[in-house]
Peer 1: 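First, the structure itself, so that you have it in front of you.
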Amino acid sequence: EAQLQVNLIVRPLTPFEQLVCEHLCDGLTNAAIAQATSHTEKVIENTVSRVAQAFTLRSNTEINLRVLLALAYRTHFGDKGDHVVSLFIQ
């Protein structure tokens, strides 16, 4: 059974990092986020990596880093939508 640890954020996120996280939480790919924000895909990849570091998240073989990042972001900043997001890890 996988164990999930959500860490507190270690530094404030920039407005751009928050925007990228919002798009990530909406399920957009890095390419789609790049297009939506008029940045390159490499900029988005680097931003996702920096935000993961801010949450002290590391990828592992059982849980995708983007899923962890979305969960950590929503846990810290809340879900601006009206729906409840649930994550089940088995």
Peer 1: Using every non-hydrogen atom in the two residues, find where V51 and R11 come nearest and quote the distance to one decimal.
Peer 2: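 Scanning both residues completely, I find the closest heavy atoms to be N-NH2, 4.5 Å.
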Peer 1: Would the distance check show the side chain of H23 and the main-chain N or O of C21 forming a donor-acceptor pair, the cut-off being under 3.5 Å?
Peer 2: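 No, because the side chain of H23 does not come within donor-acceptor range (under 3.5 Å) of the backbone of C21.
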Peer 1: Between V48 and Q53, is a side chain to side chain contact (heavy atoms under 4.5 Å, CB included) present by the stated rule, with each step listed?
Peer 2: CA-CA 9 Å; V48 169; Q53 289 175 342; over 6 Å; no
Peer 1: Output all residues satisfying side chain to side chain contact (heavy atoms under 4.5 Å, CB included) with Q18, sequence neighbours left out; order by chain, then residue number.
Peer 2: L13, Y73, F77
Peer 1: Which atoms form the tightest heavy-atom contact between I33 and V20, and what is the distance?
Peer 2: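 Scanning both residues completely, I find the closest heavy atoms to be CD1-O, 4.0 Å.
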Peer 1: In the structure I gave you, are the side-chain heavy atoms of F16 and I44 within less than 4.5 Å of one another anywhere?
Peer 2: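 F16 reaches I44 side chain to side chain.
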Peer 1: Please give me the minimum heavy-atom distance between R74 and D26, naming the atom from each residue.
Peer 2: NH2-OD1, 4.2 Å
Peer 1: Between R50 and E45, does any NZ, NE, NH1 or NH2 come within less than 4.0 Å of an OD or OE carboxylate oxygen?
Peer 2: no
Peer 1: Side chain to side chain contact (heavy atoms under 4.5 Å, CB included), that's the test. Do E22 and E17 meet it? Break it down for me.
Peer 2: CA-CA 9 Å; E22 289 293 335; E17 290 171 336; over 6 Å; no
Peer 1: So how far is it from Q35 CD to N30 CG, rounded to the nearest 0.5 Å?
Peer 2: 13.0 Å
Peer 1: Quick check for you: to the nearest 0.5 Å, what is the distance between L71 atom CG and H76 atom NE2?
Peer 2: 13.0 Å
Peer 1: Output all residues satisfying side chain to side chain contact (heavy atoms under 4.5 Å, CB included) with T40, sequence neighbours left out; order by chain, then residue number.
Peer 2: K42, V43
Peer 1: Just to verify, what does T29 make a side-chain hydrogen bond (donor to acceptor under 3.5 Å, both in side chains) with, not counting sequence neighbours?
Peer 2: none
